[in-house]
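Residue indices begin at 1 and follow the sequence shown. When reading the values below, keep in mind they use all heavy atoms of this one structure, side chains included, and skip hydrogens, waters and symmetry mates.
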Amino acid sequence: MFKIADVYKTGSVCGFAWNRQGDKLAVENTKDTKAEGRPWGKNFDAFADVLEVRKGKLHRVRRVDLGYPLGQGTCVAFSPDDRYLAVGKTAVELFDLQEGCGVWTVETGSVRKDDDRDAPSTHSSLVFSGDGRLLSLGWQGGMGRGTLYWGSFDPADGAYRVNQKIVSHTFQQLNMTIVADRWSVTTETTPPGQRPQRLWIAVRDLADGAEVSRLELTSTRMKATGISSALSPDGRYLAVGGKSKNREDAYKPYLLQIWDVKEQRLLHEYMQDGKEPLPPGGIIQSLDFSPDGRWLLMEHMQINERDPDVHLFDVESGERLWSSDRKIGSGDCRFSPSGEMFVCRGDEKITLFTLNK
């Protein structure tokens, strides 16, 4: 169904995002510069490349230098008109791509115990709203307990405003995402040590953090840590992948579930045991729905370079429709807004797939 159209080689890919038209991709990278003899702590350059898709190929049209090497899980977002690019994690930077310059930088990651600022220390997802505001889903706290933040940045000066905050127990700081600039999706649990342990995926309104739905996973075989999740753009379907209970090894059986959120009904549940439709391999690292909600894209861990790690499922039937012919990625895979392309993050590369019509 899909074929490799192009491979863009670059530095260590930390984050990426499509624009709304689906013809551009922004990729945040870091590059090791130890060979240049820099002092300890200054050994990495960070930059963001803007790539344009032309006739199935990726062409770099802009590069912007970042002030901070942000690392894996960096958030990237285009403004609706493609003029601005936001990049962030512990710091958020806004660039004017038309003028070729930075607009502002906000160092929210510098929050310390003696700092009374009310702001997240880590931004897990960024998105521009239709009216041009830069919205953030963030986190502050330690492993297992902290505060979830729904906030926004003023595009003019970077002033951060808290719209909602909730004290939460979560082991999944990186599994906090924004969907279709309307909802946030977070994986949360009861406090560590509390029995029985409850596990749920919460969907909330992005504007004010109001809960839209909560899907309990306590009756399943899913372990509370190492979870990946995805919500379809229309909010109907939820996919959850993770380790089975009582299993610590990432290459022991893993689970994939597809839920109908509206009906609170489990549509499909699979445990990887060498049988269809789940292929052999390790824990799921990325899940993404196609824009129309028909397909689910999955990427999971593989050791052998000859084993496929990217797979496509039919949401209604649960059937595996397609797999890559070898190992492709090392993390996120994301559909374009049209659903006719997707990209996968790999080791110092981005791989573009197009629909084989």
Side-chain angles (χ1 to χ4, degrees), residues 70-75 77 86 88-92 106-127 129 133-154 158-220 222-231 235 238 240 242-243 245 259 261 264:
L70 299 171
Q72 186 174 344
T74 296
C75 315
K89 186 177 181 182
T90 54
V92 177
V106 177
E107 300 180 57
T108 56
S110 62
V111 174
R112 302 179 301 273
K113 292 182 178 180
D114 59 349
D115 195 329
D116 60 359
R117 286 185 299 164
D118 192 11
S121 57
T122 301
H123 298 273
S124 295
S125 199
L126 294 171
V127 69
S129 62
R133 291 179 300 151
L134 179 58
L135 306 178
S136 161
L137 174 62
W139 168 270
Q140 182 184 161
M143 183 65 73
R145 186 179 189 277
T147 303
L148 293 168
Y149 283 85
W150 290 261
S152 58
F153 292 90
D154 188 320
Y160 177 78
R161 174 183 176 181
V162 178
N163 298 327
Q164 179 62 279
K165 60 181 180 178
I166 298 173
V167 175
S168 174
H169 296 274
T170 174
F171 295 91
Q172 299 299 113
Q173 296 181 34
L174 295 180
N175 192 35
M176 298 162 49
T177 58
I178 292 173
V179 178
D181 74 15
R182 296 174 59 189
W183 300 290
S184 67
V185 181
T186 55
T187 303
E188 302 171 45
T189 70
T190 47
Q194 180 174 312
R195 297 292 182 270
Q197 185 181 49
R198 298 171 62 198
L199 171 65
W200 61 88
I201 308 292
V203 179
R204 295 189 177 93
D205 188 283
L206 189 57
D208 58 12
E211 188 171 296
V212 176
S213 65
R214 173 178 291 201
L215 191 65
E216 293 275 356
L217 302 177
T218 50
S219 63
T220 73
M222 190 80 68
K223 192 175 177 67
T225 57
I227 289 178
S228 296
S229 65
L231 184 71
L238 177 73
V240 186
K243 302 176 185 178
K245 287 184 178 180
W259 292 79
V261 177
Q264 295 281 297

Query raised in the report: Taking everything shown except R214 itself, do over 12 heavy atoms lie less than 6.0 Å from its CZ?
Result: yes

Report task. In sequence, state the C-alpha distance, the side-chain angles, and the governing distance for R204 and T186, and then conclude on side-chain contact (heavy atoms from CB on, under 4.5 Å). Result -> CA-CA 9 Å; R204 295 189 177 93; T186 55; 3.5 Å; yes

Report task. Please check if the side chain of E216 supplies one atom and the backbone of R198 the other of a donor-acceptor pair under 3.5 Å. Result -> no

Query raised in the report: Quick one: does V92's side chain get under 4.5 Å of L134's, heavy atoms only?
Result: yes

**Report entry** side-chain contact (heavy atoms from CB on, under 4.5 Å) between S229 and T187, intermediate numbers included
**Finding:** CA-CA 8 Å; S229 65; T187 303; 4.2 Å; yes

Requested in this report: Locate the shortest heavy-atom distance separating M176 from G138; write the atom from each residue and the value.
Outcome: CE-O, 3.5 Å

Report task. Supply the atom-to-atom distance H123 NE2 to K89 NZ, rounded to the nearest 0.5 angstrom. Result -> 12.0 Å

Query raised in the report: In Å and rounded to the nearest 0.5 Å, what is the CD1 to OG distance from I178 to S124?
Result: 9.0 Å

Query - Contact summary for P120 and Y160, nearest pair of heavy atoms - result: CD-OH, 3.3 Å

Query raised in the report: Shortest non-hydrogen contact from S168 to E188?
Result: OG-OE1, 3.0 Å

Requested in this report: Any chance you could measure D118, atom CG, to T147, atom OG1, to the nearest 0.5 Å?
Outcome: 8.0 Å

Query raised in the report: If you look at every heavy atom in N163 and S152, which pair is closest and at what distance?
Result: ND2-OG, 3.7 Å

Report task. Quick one: pull up CG in L135 and CZ in R182 and give me the separation to the nearest 0.5 Å. Result -> 13.5 Å

Query raised in the report: Going through the checks in order, is the side-chain contact (heavy atoms from CB on, under 4.5 Å) test met by T189 and L199?
Result: CA-CA 5 Å; T189 70; L199 171 65; 3.6 Å; yes

Query raised in the report: Would you say S121's side chain and W139's backbone share a donor-acceptor pair under 3.5 angstrom?
Result: yes

Query raised in the report: Is there a donor-acceptor contact under 3.5 Å from the side chain of S125 to the main chain of L137?
Result: no

Requested in this report: Starting from the C-alpha separation in whole Å, work towards a yes-or-no answer on side-chain contact (heavy atoms from CB on, under 4.5 Å) for V127 and L206.
Outcome: CA-CA 10 Å; V127 69; L206 189 57; 3.8 Å; yes

**Report entry** Interatomic distance, L126 atom CG to F153 atom CZ [nearest 0.5 angstrom]
**Finding:** 6.5 Å

**Report entry** Point-to-point distance, once rounded to the nearest 0.5 Å, from OH of Y149 to NZ of K165
**Finding:** 5.0 Å

